[in-house]
2 protein chains.
Amino acid sequence: MAGKRAAGPQVGLSRERVLRGAAAIADERGLAALTMRSLAEALGVEAMSLYHHVANKEAVLDGLVEVVMAEIEAAVADLDAPEPEDDWRTAMRMRVLAAREVLVRHPWAPRVFETRTGTSLAVARYFDGVLGLMRRGGFSYELGHRALHALGSRALGFSQELFEPDGIEAPEEALAAMAEQVPHLVAMIRDATHGGAVLGWCDYQAEFEFGLDLILDGLERLRTKP
Amino acid sequence: MAGKRAAGPQVGLSRERVLRGAAAIADERGLAALTMRSLAEALGVEAMSLYHHVANKEAVLDGLVEVVMAEIEAAVADLDAPEPEDDWRTAMRMRVLAAREVLVRHPWAPRVFETRTGTSLAVARYFDGVLGLMRRGGFSYELGHRALHALGSRALGFSQELFEPDGIEAPEEALAAMAEQVPHLVAMIRDATHGGAVLGWCDYQAEFEFGLDLILDGLERLRTKP
DNA sequence: CTTGACAGACTTACAATGTAAGTCTATCGT
DNA sequence: ACGATAGACTTACATTGTAAGTCTGTCAAG
């Protein structure tokens with residue numbers, strides 16, 4: 001059992017440094033740019049050296065989940081939220097939005113989460129905290145369980161947007177061209193912007209909160225009158 | 001403009017056949033097994049021949065989205081749902097559950113959806129249909145828009161489950177070992193199974209419907225009293 | 001029937017990636 | 001002083017996507 005020592009010619013890697021480096025690359029250059037070689041280079045080392053600290057690339061991705069979850073747990077711990085016994089709804093809302101801030105800083109995180117098979121301990125612990133919050137807020141285990149499913153990834157601050165309504169320049173002609181294929185969407189955009197610029201008309205943060213509140217409201221109703 | 005002709009020594013490929021083959025491989029052997037070479041082999045052809053019908057592998061994945069969406073549209077068309085004017089909630093529910101049946105047949109689909117950048121026309125058309133349904137059900141464009149966001153991937157029949165509560169053998173000892181790390185989850189499982197077997201105690205279909213109904217109920221409330 | 005254009009298959013080749021296997025060296029406990 | 005060892009490096013290879021070029025069977029025009 002050697003403690004920690006700086007073996008080798010230089011500072012020495014560590015699982016910590018490897019994972020931090022991986023997160024940095026994903027943040028700066030995207031998930032596709034994260035290869036064992038690019039990661040090694042960023043750490044001033046050869047690719048194979050990484051394998052002394054992580055089993056393989058899958059383990060790096062698993063580690064990224066831990067990194068993100070640690071940031072989320074830290075953000076949640078910093079929160080000055082009400083006691084769930086007094087106001088579980090606000091406590092939950094703040095927790096989820098704190099998690100969301102972390103996720104927004106790491107746009108690659110949802111994709112990494114999704115490709116992990118099996119639940120990581122870090123994720124399980126987070127959901128355990130969510131469930132504990134609901135328990136303190138007066139939920140039965142049964143309703144708490146359903147609530148975890150209903151929230152899904154939203155509990156961690158992201159919703160799977162399969163369909164991005166904005167990002168279009170959408171001058172009137174472009175809309176007209178689309179009107180045949182997707183008439184209702186086009187009408188919706190026209191209605192929302194009444195002829196003005198479309199870029200950025202869709203406020204994702206607001207929409208996320210809307211969906212979250214819809215679920216929380218529903219849960220609260222079930223909690224009080226089952 | 002040559003019409004359709006069987007050029008070459010054999011039956012001849014086509015974009016159609018390539019995409020169907022790709023879906024078959026993903027279904028049978030998983031998404032990771034889908035390579036240009038494996039796909040070619042399955043079609044009795046060399047890898048490079050595929051490039052006469054698809055631009056590159058990304059295009060194959062784009063095509064998979066189309067394949068899935070076509071199946072969903074077909075399932076939706078077969079539905080014997082009420083007119084949205086009479087009962088939008090049931091019409092929507094049936095539509096989403098029909099989509100879900102397709103998605104369940106293609107477990108790789110969510111991952112493919114998520115990695116596509118930009119919205120495909122097929123997906124946009126689907127959401128256009130959802131929005132149209134809501135319009136006929138009495139939604140404003142504004143509420144319809146928010147509803148699309150609130151539903152998110154659920155409109156297509158899947159929820160991002162980051163956390164899989166089952167899949168554990170969970171004899172009492174295993175639970176005891178986890179109790180330190182995730183006490184609430186363990187208590188929840190104990191409560192739900194009161195000592196019995198844990199395997200498969202979690203009914204994903206039922207949980208999906210619960211979450212869906214929670215959202216639909218919330219939307220209905222907003223629709224009738226804004 | 002000949003011929004030539006071309007769609008659509010095949011062959012070859014290469015760069016990028018993950019990683020198995022083995023080597024080298026500085027540090028530490030004895 | 002010295003052997004063990006952690007942790008770096010080197011080499012090598014299988015898999016993948018795909019660029020570039022070749023070959024061949026079919027069809028339309030002469």
Side-chain angles (χ1 to χ4, degrees), chain A residues 1-26 28-65 108 111-112 115-117, chain B residues 1-26 28-65 108 111-112 115-117:
Chain A
M1 275 335 140
K4 54 197 59 175
R5 61 210 178 90
Q10 56 192 51
V11 196
L13 293 179
S14 71
R15 182 179 144 86
E16 272 293 304
R17 281 166 52 82
V18 169
L19 297 183
R20 281 192 196 297
I25 289 178
E28 290 158 25
R29 292 188 277 144
L31 201 54
L34 174 60
T35 69
M36 295 305 271
R37 287 183 229 268
S38 72
L39 177 51
E41 186 179 25
L43 294 167
V45 115
E46 293 300 313
M48 288 313 292
S49 302
L50 301 173
Y51 286 83
H52 286 283
H53 304 276
V54 293
N56 50 36
K57 191 177 182 183
E58 283 292 291
V60 173
L61 296 176
D62 288 344
L64 284 182
V65 171
W108 42 268
R111 235 168 320 150
V112 174
T115 55
R116 296 309 80 205
T117 62
Chain B
M1 286 317 148
K4 55 196 62 177
R5 63 211 178 85
Q10 56 191 54
V11 195
L13 292 181
S14 70
R15 181 179 144 86
E16 271 293 304
R17 281 167 51 82
V18 168
L19 297 183
R20 280 193 196 296
I25 289 178
E28 289 159 26
R29 292 188 279 146
L31 201 54
L34 175 60
T35 69
M36 295 304 272
R37 286 182 230 266
S38 72
L39 177 52
E41 187 181 22
L43 295 166
V45 115
E46 292 300 314
M48 289 312 292
S49 302
L50 302 173
Y51 287 84
H52 286 283
H53 304 276
V54 293
N56 50 36
K57 190 177 181 183
E58 283 294 290
V60 173
L61 296 175
D62 288 344
L64 284 183
V65 170
W108 42 267
R111 235 168 320 151
V112 173
T115 55
R116 299 306 82 205
T117 63

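This one's a predicted model, so the numbers in the text were calculated from it and none came from an experiment. Throughout, a chain's letter reflects where its sequence line sits, starting with A, and its residues are numbered from 1.
Between the side chain of B:H52 and the base of C:dA9, a donor-acceptor pair under 3.5 Å is found.
Expressed to the nearest 0.5 Å, how far CZ of A:R111 lies from CG of A:L31 amounts to 5.5 Å. To the nearest 0.5 Å, the span separating CG on A:L39 from CG on A:L19 amounts to 8.5 Å.
Whole-Å rounding puts the B:R15 CZ to C:dA7 C1' distance at 18 Å. At whole-Å resolution of the value, CG in B:L43 and P in C:dC10 are 11 Å apart. Whole-Å rounding puts the A:L39 CG to C:dA16 P distance at 18 Å.
Looking at residues two or more places apart in sequence or on another chain, you find a side chain to side chain contact (heavy atoms under 4.5 Å, CB included) between B:A24 and B:E28. Annotation: side chain to side chain contact (heavy atoms under 4.5 Å, CB included) contacts of B:S14 (sequence neighbours excluded): B:E16, B:R17.
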Please enumerate all protein N or O atoms sitting under 3.5 Å from an N or O of nucleotides 17-19 of chain D, with distances to 0.1 Å.
{"residue": "D:dG17", "atom": "OP1", "partner": "B:K57", "partner atom": "NZ", "Å": "2.8"}
{"residue": "D:dG17", "atom": "OP2", "partner": "B:M36", "partner atom": "N", "Å": "2.8"}
{"residue": "D:dG17", "atom": "N7", "partner": "B:R37", "partner atom": "NH2", "Å": "2.6"}
{"residue": "D:dG17", "atom": "O6", "partner": "B:R37", "partner atom": "NH2", "Å": "2.7"}
{"residue": "D:dT18", "atom": "OP2", "partner": "B:Y51", "partner atom": "OH", "Å": "3.0"}
{"residue": "D:dT18", "atom": "OP2", "partner": "B:K57", "partner atom": "N", "Å": "2.9"}

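Fit an axis to the five pairs at each end of the helix from C:dC1-D:dG30 to C:dT30-D:dA1 and the two axes sit 10° apart, to the nearest 10 degrees.
Counting all heavy atoms, side chain and backbone alike, B:S49 lies closest to B:H53 at O-CD2, 3.6 Å. Heavy-atom minimum distance, A:M36 versus A:V54: CE-CG2, 4.4 Å.
Among residue pairs with one or both ends in residues 34-46 of chain A, those qualifying as side chain to side chain donor-acceptor pair (under 3.5 Å) are A:T35-A:S38; sequence neighbours excluded.
A:S49 has a side-chain polar atom (N or O) that falls below the 4.0 Å cut-off from OP1 or OP2 of D:dC9. Regarding contacts with the backbone of D:dA8, a side-chain N or O of A:H53 is found under 4.0 angstrom from either OP1 or OP2.
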Using residues 57-65 of chain A as the side-chain source, report each donor-acceptor pair under 3.5 Å to any protein atom, sequence neighbours left out, with the distance given to one decimal.
{"residue": "A:K57", "atom": "NZ", "partner": "A:L34", "partner atom": "O", "Å": "2.8"}
{"residue": "A:E58", "atom": "OE1", "partner": "A:R116", "partner atom": "NH1", "Å": "3.1"}
{"residue": "A:D62", "atom": "OD1", "partner": "A:R116", "partner atom": "NH1", "Å": "3.1"}

